[in-house]
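Beneath this line is the structure, given in structure tokens, with notes to follow.
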2 protein chains.
Amino acid sequence: MSRLASPELAERRRRQILDAALDCFRRRGFHQTSMQEICSAADISAGALYRYFGSKAEIIAAIAHDERQDSSVVFNAANGTVIDGLCLMAEGFFRKLAAGDGALVADVLAEAARDPILARNLALFDKQYVMACAEVIGAGQVRGEVDPALDPLEAAETLLAAIKGVGLRAATFGQTQLDGAAAQFRGLAERYLAVRA
Amino acid sequence: MSRLASPELAERRRRQILDAALDCFRRRGFHQTSMQEICSAADISAGALYRYFGSKAEIIAAIAHDERQDSSVVFNAANGTVIDGLCLMAEGFFRKLAAGDGALVADVLAEAARDPILARNLALFDKQYVMACAEVIGAGQVRGEVDPALDPLEAAETLLAAIKGVGLRAATFGQTQLDGAAAQFRGLAERYLAVRA
DNA sequence: ACCTGAACACCGTTCAAGT
DNA sequence: ACCTGAACACCGTTCAAGT
């Protein structure tokens, strides 16, 4: 067999196709954009595209993977308080949604809910992400910022779920109310994590 | 013009089609199920279907409408504490997700994020729902159950967003962890609403 | 009035033919 | 090796023809 001789070309073509696909998917959704649209956007023929991706589902999986990784990167700036760190991360996510990725995030959710293999792949990211978050919360507990009665792992999961819920609600119904969502989440996180009397 | 002479037949056919469509959409998603599948499931020809719905988008809109209304009904049993009321409602939603509606809920979200008309229609439901919730929280404040410093409307919005976030996360990654989601939400709501020292 | 099913332009995917 | 574009079975939608 002699397919895909040059790894550099292959990688370049894959990027070219994924960039075009992301653009289309954002606007019209996974299952409303046609392969022809992707081909046109990527300036490539249908036959050429299928040398680099076996199916539309494969492209969707790659985009979903990138989207999730993208959402996970932002959680390094844990210098300030736990609350500030969480809010910074949340704002990064809200900004992405406000920029037009709300529908894409919902698409990924829907896809993962129906495709166990994709769900498992995304869950791997998610676990890492939750654990990083839990670590920050645990550190906040030893500093006395966060109620020691909370289970850090469960608190991290709950807050990440809340971020997604608040963000998706704003993206669906919102007047691009990025600030409103951020304020809502800050209030929730502050009261949830607070040391109780 | 003489189309649709009998309202009873029309209503019966529309139900027949929507029931079949809901079944298909749950399993395969809005844009992966074909009209042929809906026609087969409804035991009706393509031509007949198009007498009662103008397009696939119209069927999707009707299903999304029903789905949202369905999620909104459960909030009457406000006898116990505010927390109990909220948790009862959350559990109703979680049960729906665990029964396999997780992907459908995500589909509706994605559809609404791209279709402003659908978004506005769903927002009407949502507003009523938020206000009912806010009223319960307000009543909790006068009973001393809920911190009077909270804005009832914002608290209602935030908690409803959190319910959706927690539920969708469980539905996407979860081991059908209905109980885990319920416990997570209860912890969040208790701490969020609590009167502070 | 109500329904059927073949027909239309278009979808995802394949593959012979080019370079 | 890499690409093109016509061809395949199927998609959403329409409409002449039946009852």
Side-chain angles (χ1 to χ4, degrees), chain A residues 1-25 27-64 107 110-111 114-115 117-118, chain B residues 1-25 27-64 107 110-111 114-115 117-118:
Chain A
M1 63 172 62
S2 56
R3 303 197 58 203
L4 298 188
S6 158
E8 302 90 50
L9 175 60
E11 194 42 48
R12 196 155 51 83
R13 284 272 180 276
R14 286 175 65 91
R15 261 298 122 222
Q16 179 182 350
I17 293 164
L18 287 178
D19 287 347
L22 177 59
D23 196 52
C24 296
F25 287 162
R27 280 200 298 266
R28 313 224 310 119
F30 291 153
H31 302 290
Q32 282 112 304
T33 80
S34 72
M35 291 304 255
Q36 285 305 328
E37 292 177 81
I38 298 175
C39 290
S40 298
D43 257 317
I44 208 173
S45 73
L49 185 150
Y50 276 89
R51 282 182 65 81
Y52 301 102
F53 289 94
S55 67
K56 191 180 181 184
E58 224 169 82
I59 300 181
I60 289 174
I63 293 286
D107 269 354
E111 207 68 19
R114 286 199 186 87
D115 178 352
I117 297 171
L118 178 59
Chain B
M1 60 172 65
S2 57
R3 303 196 59 202
L4 298 188
S6 158
E8 303 91 50
L9 175 60
E11 195 41 50
R12 196 154 52 84
R13 284 273 180 275
R14 287 176 64 91
R15 263 296 125 221
Q16 179 181 352
I17 292 164
L18 287 179
D19 287 348
L22 178 59
D23 196 51
C24 296
F25 287 162
R27 280 201 297 266
R28 313 225 308 121
F30 291 153
H31 302 288
Q32 282 113 303
T33 81
S34 72
M35 291 303 255
Q36 284 306 328
E37 291 177 81
I38 298 175
C39 290
S40 298
D43 258 317
I44 208 173
S45 72
L49 186 151
Y50 277 89
R51 282 181 65 82
Y52 301 102
F53 289 95
S55 66
K56 191 181 181 184
E58 224 169 82
I59 300 180
I60 290 174
I63 293 286
D107 269 354
E111 206 67 20
R114 287 200 186 86
D115 178 352
I117 297 170
L118 178 59

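Side chains included, hydrogens not; waters and symmetry mates left out as well; all remaining heavy atoms used. To find a chain, count down the sequence lines: A is the first, B the second, and so on, and within it residues start at 1.
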Problem set entry | Taking every non-hydrogen atom, the tightest pair across K56(B) and H31(B) | NZ-CA, 3.8 Å
For this session: With heavy atoms under 4.0 Å as the rule, sort F53(A) into base, sugar-phosphate or nothing.
Result: nothing
Problem set entry | Nearest-angstrom distance from the residue atom CG of L4(B) to P of dC2(C) | 6 Å
For this session: Mind calculating the distance between CG (L49(A)) and P (dT4(D)) to the nearest angstrom?
Result: 11 Å
Exercise. Do R114(A) and D107(B) come within less than 4.5 Å of each other through their side chains, counting heavy atoms only?
Worked result: yes
Exercise. According to a 3.5 Å limit on both distances, what stems of 3 or more consecutive Watson-Crick or G-U pairs are formed with DNA chain D?
Worked result: C:4-8 with D:12-16, C:12-16 with D:4-8
Problem set entry | Evaluation steps, side chain to side chain contact (heavy atoms under 4.5 Å, CB included), between F53(B) and I17(B) | CA-CA 9 Å; F53(B) 289 95; I17(B) 292 164; 3.8 Å; yes
Problem set entry | Contacts of L22(A) that satisfy side-chain contact (heavy atoms from CB on, under 4.5 Å) - sequence neighbours left out | R26(A), I63(A), L104(A)
For this session: For R12(B), check side-chain contact (heavy atoms from CB on, under 4.5 Å) against everything at least two apart and list the hits.
Result: L9(B)
Seminar exercise, completed: Contact string for nucleotides 5-19 of chain D, one letter per nucleotide 5' to 3', B = base within protein heavy-atom range under 4.0 Å, S = sugar-phosphate only, - = neither, reads B-----SSBBB----
For this session: Could you grab the distance from atom CZ of R27(B) to atom CG of D23(B), nearest 0.5 Å is fine?
Result: 4.5 Å
Exercise. What distance do R28(B) atom CZ and E37(B) atom CD have between them, rounded to the nearest 0.5 Å?
Worked result: 4.0 Å
When the side chains of residues 38-49 of chain A are checked against the rest of the protein, which donor-acceptor pairs come out under 3.5 Å, sequence neighbours left out?
unit_1	atom_1	unit_2	atom_2	d
S40(A)	OG	Q36(A)	O	3.0
S45(A)	OG	A48(A)	N	3.2

Problem set entry | Presence of Y52(A) side-chain N/O under 4.0 Å of dC3(D) phosphate oxygens OP1/OP2 | yes
Exercise. Distance-only, no hydrogens or angles: does the E58(A) side chain make a donor-acceptor pair with backbone N or O of S55(A) under 3.5 Å?
Worked result: no
Problem set entry | Side-chain donor or acceptor of E11(B) paired with backbone N/O of E8(B) under 3.5 Å | no
For this session: Output the residues of residues 7-16 of chain B in contact with DNA chain C, where contact means a heavy atom of the residue under 4.0 Å from an atom of the strand; sort by number or write none.
Result: L9(B), R13(B)
